[in-house]
Colleague: 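Here it is, the structure, as structure tokens.
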Amino acid sequence: MKITVDRDRCVGAGMCAMTAGEVFEQHEEDGRVVLRMTEPPEQWADEVAEAEHLCPSRAITVDPAAR
């Protein structure tokens, strides 16, 4: 899987960091998403998919087939 984020779309809700903190965090100053890794281990696929689904601004894109 490969993840991309659009920080310009991010509203800083923090659902991604709460759902998949191994992969996402919030920037200390502006609260917007910071991607900790673009290709996380497959074991985190469910959490990453949930974070994408919960993002209110749709700033997270997950391509499950990309390697």
Colleague: For A45, enumerate each residue passing the side chain to side chain contact (heavy atoms under 4.5 Å, CB included) test, keeping only those at least two apart in sequence or located in another chain.
Modeller: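 Scan of A45 (side chain to side chain contact (heavy atoms under 4.5 Å, CB included), adjacent residues dropped) gives M1, E42.
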Colleague: Please identify each residue that fulfils salt bridge (Lys or Arg N to Asp or Glu O under 4.0 Å) with D46, with sequence neighbours left out.
Modeller: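 Partners of D46 under the salt bridge (Lys or Arg N to Asp or Glu O under 4.0 Å) test: none.
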Colleague: Should we count CD of E28 as having more than 12 external heavy atoms under 6.0 Å?
Modeller: no
Colleague: To the nearest 0.5 angstrom, please state how far the CZ atom of F24 sits from the CD1 atom of I3.
Modeller: 4.5 Å
Colleague: Ignoring hydrogens and angles, write down the donor-acceptor pairs under 3.5 Å from the side chains of residues 30-38, residues two or more places apart or on other chains.
Modeller:
from, atom 1, to, atom 2, distance (Å)
D30, OD1, R32, N, 2.9
D30, OD2, R7, NH2, 2.8
D30, OD2, R32, NE, 3.1
D30, OD2, R32, NH2, 3.1
R32, NH1, R7, O, 2.9
R36, NH1, G21, O, 2.9

Colleague: For residues A51 and C16, report the shortest heavy-atom separation together with the two atoms involved.
Modeller: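 Shortest heavy-atom separation between A51 and C16 comes out as CB-CA, 3.8 Å.
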Colleague: Shortest non-hydrogen contact from G12 to Q26?
Modeller: O-NE2, 3.1 Å
Colleague: So which residues get pulled into V11's cluster when ILVMFWY side chains under 4.5 Å apart are joined, directly or through others?
Modeller: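 V11 shares its hydrophobic cluster with no other residue.
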Colleague: Only pairs at least two apart or in different chains count here, so list each side chain to side chain donor-acceptor pair (under 3.5 Å) that has a residue in residues 47-57.
Modeller: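 As it turns out, there is no side chain to side chain donor-acceptor pair (under 3.5 Å) pair with a partner in residues 47-57 once direct neighbours are skipped.
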Colleague: Side chains of C10 and V5, heavy atoms from C-beta outward: is any pair under 4.5 Å?
Modeller: no
Colleague: Hey, what else clusters with M15 if you join Ile, Leu, Val, Met, Phe, Trp, Tyr whenever side-chain heavy atoms sit under 4.5 Å?
Modeller: M18, L54
